[in-house]
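A quick write-up on the structure given underneath.
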Number of protein chains: 2
Amino acid sequence: MEAGEPTSLQIEKQSLHDQVASRIRDLIIEGHLEPGSRIDEAKLVEQLGVSRTPFREALRTLAAEGLIVIRPARGSMVRKLSRADVFSMLEVLAEMERLAGRTACERASDSEIAHARDLHERMLEYYRSGERMPYYKLNQEFHTFIASLSRNETLCEIQGNIMARLKRIRFIGNSEPEHWRAAVDDHEEMMDALAARDGQRLGDIMAHHLSETWQRVKNVI
Amino acid sequence: MEAGEPTSLQIEKQSLHDQVASRIRDLIIEGHLEPGSRIDEAKLVEQLGVSRTPFREALRTLAAEGLIVIRPARGSMVRKLSRADVFSMLEVLAEMERLAGRTACERASDSEIAHARDLHERMLEYYRSGERMPYYKLNQEFHTFIASLSRNETLCEIQGNIMARLKRIRFIGNSEPEHWRAAVDDHEEMMDALAARDGQRLGDIMAHHLSETWQRVKNVI
DNA sequence: ACACCATATACTGTATCCAACCGGAATTCG
DNA sequence: CGAATTCCGGTTGGATACAGTATATGGTGT
């Protein structure tokens, strides 16, 4: 959701609660805060070296983003995703990516498509050398980039939000070799469709890609 | 502070910032706070009779929802939607409703479809008697209900969020009689498709319905 | 007239206090 | 002896006062 514009010359005059929110987001995504675990306000405030006010503001933000749950007078906890939660997110995300794929083919410039190709090539290398983590990072970037080609701000925002919520789970997902291979094949097809500017096909592949993710992931939860 | 939903026996143990957030949300949606206008923290705090702490937490929530914009050290303002913003939201919303329509046909019970029919009939009456406001309210409820039939929590959440952002604009939208009539016709078709459990068709109509909304609205912004 | 500086007016962040509430433990009663 | 009630500790929620800082405004000097 944040991660805004590195392009603009804007001074990153982020307010403290934004920084705190980003920090906690990372802690959650990277697994330093277990899903379902209580968030000890006093302890985290101590660790981060900020006072309670901006910290609590940050918690409200994360709650609105759906990353944590706040129960009045009982503190907040990292949101634990149920099977149904994950399925519903993937179902929505699939349609988001379908839309992104369809419109990207209409709205992207040639150089942007070339850049997508470049990202894809680099992912291929990481796949061949079996480096999961860099592949995973690039994968995120690839999907985010395709979304941006839709020129649809709202779509980017929602896609980013859902991906943030699912990050840890998706990472777990492609641990098995054959799954990983299938994912890479999908990406190959995506690049074909994008190069041919076949929006319908690209959208279908991207949606299908996520239904495969569900197959991958559903037994792990 | 009339909260409004006495529907379930749910304990109304809402924390203060939630109440404040709802209150401000209503102020924005009902137009008491103009888009683009600065939000005078001190004044609103005074009016609402709360202190700054829950108020600012509420602002953070609304910012995460996209209803207001907070610029560090320069205060917050009601988000002003550009043409592109509205288009992007409608484009996303259309896909959301398409998904809702498609899956609703698979997952809804007969009695739920009957309830949708009931909502539709009541809307028809308001249409015939020309009562815009009650029609509008029921219209919101109708679309929200269809979304709920998808059994997809995430979809409901996002659809609700986008609808909240667009509420004022959509209300402006159907001021012209012929547009209103077209909208009613769409709803008639929706009910047909839902009754026939033709998910593809229902999804298409609902998406098309929103592209009409864009045609309605685009000149007003 | 324009530029620059000083002051005023916010908004942001901190610290502290008190009240309300949840959960568990101890006590009491059946 | 078991169960319900009560009490208490710890945590969260809300209010307020205060300090720091950035923006904006207005005035002054060239």
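Only a predicted model underlies this, so the values are computations on that prediction, with no experimental measurement involved. Letters go in sequence order (proteins before strands), and every chain restarts at 1. Below, all heavy atoms of this structure are taken into account, side chains as well, without hydrogens, waters or symmetry copies.
The neighbour count for A/R122 CZ, taken as heavy atoms of other residues, nucleotides or ligands under 6.0 Å away, is above 12. Counting heavy-atom neighbours within 6.0 Å of A/E46 CD, excluding the residue itself, gives a total of 12 or less.
Between B/D18 atom CG and D/dT12 atom P there is a gap of 17 Å when expressed in whole angstrom units. Per the geometry, CD belonging to B/Q19 stands 14 Å off P belonging to D/dG13, to the nearest Å. Atom pair B/I70:CD1 and C/dG13:C1' shows a separation of 14 Å (rounding to whole Å applied). The interatomic distance linking B/R71 (CZ) with C/dA10 (P) rounds to 16 Å, in whole Å. In this structure, B/I39 places its CD1 atom 16 Å from P of C/dA10, rounding to the nearest Å.
For A/H17, no side-chain nitrogen or oxygen approaches OP1 or OP2 of C/dT12 to under 4.0 Å.
Heavy-atom nearest nucleotides on DNA chain C were determined for A/R74 and for A/L16, and the one closer to the 5' end corresponds to A/L16.
In this structure, the side chain of B/Q159 engages the main chain of B/H143 through a donor-acceptor pair within 3.5 Å. In this structure, the side chain of B/T61 engages the main chain of B/E57 through a donor-acceptor pair within 3.5 Å.
Within 4.0 Å (heavy atoms only), A/R38 reaches sugar-phosphate atoms of the nucleic acid but no base atom.
A donor atom on one side chain and an acceptor atom on the other are not found under 3.5 Å apart for A/H115 and A/H120.
Classification of B/D85 and B/R165 as a salt-bridged pair fails, no side-chain N sitting under 4.0 Å from a carboxylate O.
Against DNA chain C, the stretch residues 40-56 of chain A makes heavy-atom approaches under 4.0 Å through A/S51, A/T53, A/P54.
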